2 protein chains.
Amino acid sequence: MIKEKYTIKDIAQMAGVSKGTVDRVLHNRGKVSKIAFEKVDKVLKEIDYRPNPIARNLKRNKIYRIDALLPDPKLDPYWIPVNEGVIEAANEFASFGILVTKHFYNPNNRISFSEQSQKIVASKPDALLTAPIYRKESQALLKSCCEHHIMSAIINNLLDSMDRHLFIGQDLNQSGRVAASLMDKLIDRNDHIAIIHINREPHMKVKESGFKDYFMARPDSKLTITSKKFNSTEKKGFATDVSQFLENNPKISAFFVTNSKAHMLVEALLELNKKDAIIIGYDLLAENITFLREGKINFLIHQKPKRQAYLSVSHLAEHFLFGKPFPPQEFLPIDIITTENVHYYL
Amino acid sequence: MIKEKYTIKDIAQMAGVSKGTVDRVLHNRGKVSKIAFEKVDKVLKEIDYRPNPIARNLKRNKIYRIDALLPDPKLDPYWIPVNEGVIEAANEFASFGILVTKHFYNPNNRISFSEQSQKIVASKPDALLTAPIYRKESQALLKSCCEHHIMSAIINNLLDSMDRHLFIGQDLNQSGRVAASLMDKLIDRNDHIAIIHINREPHMKVKESGFKDYFMARPDSKLTITSKKFNSTEKKGFATDVSQFLENNPKISAFFVTNSKAHMLVEALLELNKKDAIIIGYDLLAENITFLREGKINFLIHQKPKRQAYLSVSHLAEHFLFGKPFPPQEFLPIDIITTENVHYYL
DNA sequence: GCCAAAAATGTGTTCGAACACATTAAATAA
DNA sequence: TTATTTAATGTGTTCGAACACATTTTTGGC
């Protein structure tokens with residue numbers, strides 16, 4: 001295998017035919033005689049020809065449309081970095097003819113998700129990127145995409161029965177286990193642990209399972225783990241609820257918050273004058289980082305929302321532009337964040 | 001700003017000139033009258049023209065050469081993933097006309113580094129990628145690159161007085177601090193800590209500083225931290241040395257190993273029947289992972305050698321191909337690895 | 001006002017792949 | 001055998017930027 005760049009013209013010359021014939025062989029377009037085919041095929045087998053993706057792309061000269069359907073970052077700050085990741089990738093690939101359009105839905109309103117879904121499918125983009133908060137609606141959307149031959153990519157959380165869609169995110173069960181193993185290093189034998197869901201979304205149950213599984217696997221474990229779901233979105237009601245919960249469970253001193261809202265719990269605990277609680281939460285929101293740096297949150301797990309979004313868009317783009325293959329599921333590492341390394345993740 | 005793709009031809013038409021004139025304006029090639037310049041300039045200011053990088057690249061049609069000068073992975077397994085990262089990126093960009101050549105040097109022999117250096121510079125590649133283990137020799141190499149207009153990228157460890165070279169790696173001082181903060185969570189008040197250098201390379205001192213700084217910053221800290229350097233490369237001599245060291249410092253129960261050789265220490269400790277020592281080390285070598293999973297290493301810090309290499313090559317490639325800018329220094333996150341999340345980093 | 005030199009502007013070709021179209025060779029029917 | 005369809009093959013153009021080259025316009029000198 002000689003290291004050189006071969007062109008169609010080269011191959012044609014080597015095989016003693018014209019570039020048109022080589023082209024027909026390469027693309028199985030027929031209208032090639034056996035003799036000609038074999039001459040070309042022989043050369044192709046010798047040289048490991050790889051078409052120049054740049055020339056190919058220039059010729060195609062197509063504008064690829066990727067539509068992103070995401071929760072409105074104004075309504076939940078968790079989605080701000082996701083939005084940034086999409087924008088970054090969009091800018092990077094804009095001059096390559098990749099056109100990214102963003103659509104926001106209200107994360108507290110399934111109807112808004114469905115409405116936007118239909119609009120997007122109707123506009124027939126080349127690919128769709130979404131965070132499937134609502135299971136049923138999301139599955140309907142993905143099915144619809146399949147039917148209309150729209151590529152689909154998913155971030156944040158996996159849906160069950162979901163093959164052949166690009167997924168980029170974390171293994172949420174394992175993420176719960178990581179949280180548990182960190183908790184394990186921090187607590188004493190007689191600590192009681194609470195798993196706190198604040199405005200629970202379905203996939204957070206998976207984190208809870210992982211967390212519990214870790215401790216269940218240890219035969220010596222006699223820990224008490226209580227799971228609690230808080231629904232209040234207003235601060236006041238939430239603080240009262242927390243107070244109530246702690247009165248009923250006075251022994252609890254360690255908390256695992258299953259989403260980005262650990263800072264809310266910290267604030268509530270501070271109001272109740274309950275200090276030195278052990279807290280593990282998710283995501284690098286400004287409030288969380290502040291508490292992490294102050295030692296009021298012990299560990300954060302980084303779900304890399306920005307990277308999820310960036311990677312999805314760039315995988316799709318590079319697939320369209322250069323035919324790059326990508327794995328159907330890409331599980332990102334579960335990053336453990338402390339005061340000391342948080343800086344490098346921002 | 002209308003969202004459309006403009007070509008030079010479009011601009012020429014809009015400005016009422018020929019594409020040649022537009023080209024001269026875009027590239028400041030002179031030979032343009034004031035009137036023509038202003039006509040073109042006006043259009044350019046209106047439309048935010050970005051040249052099609054694909055077409056540009058096709059026209060250039062140049063083969064870019066990147067030479068990588070790295071320690072032989074056969075002589076130190078730490079460099080295996082670095083090698084993999086280079087290969088992966090090389091394959092990815094091969095069809096774009098990026099030609100990556102690897103050169104290995106003996107990490108225990110500065111002469112072999114110098115010799116290879118000279119060969120590479122003499123062959124005048126477009127860029128050089130290296131891991132600068134030897135300070136003086138590396139600085140000479142980088143200077144030489146500058147003079148010959150060879151781009152240079154560096155991974156693994158930073159050299160001082162090193163501007164305008166692409167660096168991709170971790171902040172080693174901070175990495176020591178991360179190790180310390182993890183140690184802090186694991187130890188008791190009266191534990192004694194040892195910092196262990198096995199076959200020390202100069203930059204490992206930086207990790208030690210970071211580690212010590214963390215504990216110094218705490219006014220309440222009365223910890224004893226001993227630093228020890230082991231030089232033996234053979235197992236037998238090493239175990240004896242460790243034994244000796246422990247006899248002299250019987251109170252030491254926690255170890256921070258500043259490179260990928262934590263597994264050697266674990267083995268030595270096992271031979272001495274010293275169990276439940278606390279150990280924090282670096283890098284996901286197979287041996288380290290085994291001990292991590294068995295609970296004999298508490299934390300590993302992942303230096304992402306593969307990613308460092310991959311990123312360097314792809315940054316250089318994308319710079320050459322598409323004119324992508326890159327930051328002079330890119331500090332990668334300092335990943336904390338436990339039994340629970342190690343799987344996702346492999 | 002005319003010619004030569006210089007400046008300004010326009011035209012044409014290239015890169016490699018893709019595909020439309022033109023041309024030639026082989027196969028079939030009259 | 002000749003006309004005519006069909007198969008096989010070759011040629012030419014396009015994508016957008018870059019640059020070589022050709023052409024036109026302007027300027028200065030007499």
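Please read these numbers as outputs of a predicted model, since none were measured by experiment.
Under the side-chain contact (heavy atoms from CB on, under 4.5 Å) criterion, A/S144 pairs with A/V121, A/H148, sequence neighbours left out. A/E330 pairs by the salt bridge (Lys or Arg N to Asp or Glu O under 4.0 Å) definition with nothing, not counting sequence neighbours. In this structure A/N91 satisfies the side-chain contact (heavy atoms from CB on, under 4.5 Å) test together with A/I87, sequence neighbours excluded.
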Polar atom pairs (N or O), protein with nucleotides 6-8 of chain D, under 3.5 Å:
none

Per-nucleotide protein contact along nucleotides 10-20 of chain C, 5' to 3', at a 4.0 Å heavy-atom cut-off (B base, S sugar-phosphate only, - neither), is BBBBBBBBBB-
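Checked by atom type, the side-chain pair A/Y78/A/N156 shows a donor-acceptor distance below 3.5 Å.
Screening residues 125-134 of chain B for side chain to side chain donor-acceptor pair (under 3.5 Å) gives B/K62-B/D126 as the qualifying pairs, with residues at least two apart or on separate chains.
The pair B/D41-B/K39 does not count as a salt bridge, with every side-chain nitrogen at least 4.0 angstrom from each carboxylate oxygen.
Ring-centre distance between A/F322 and B/F96: below the 6.0 Å cut-off.
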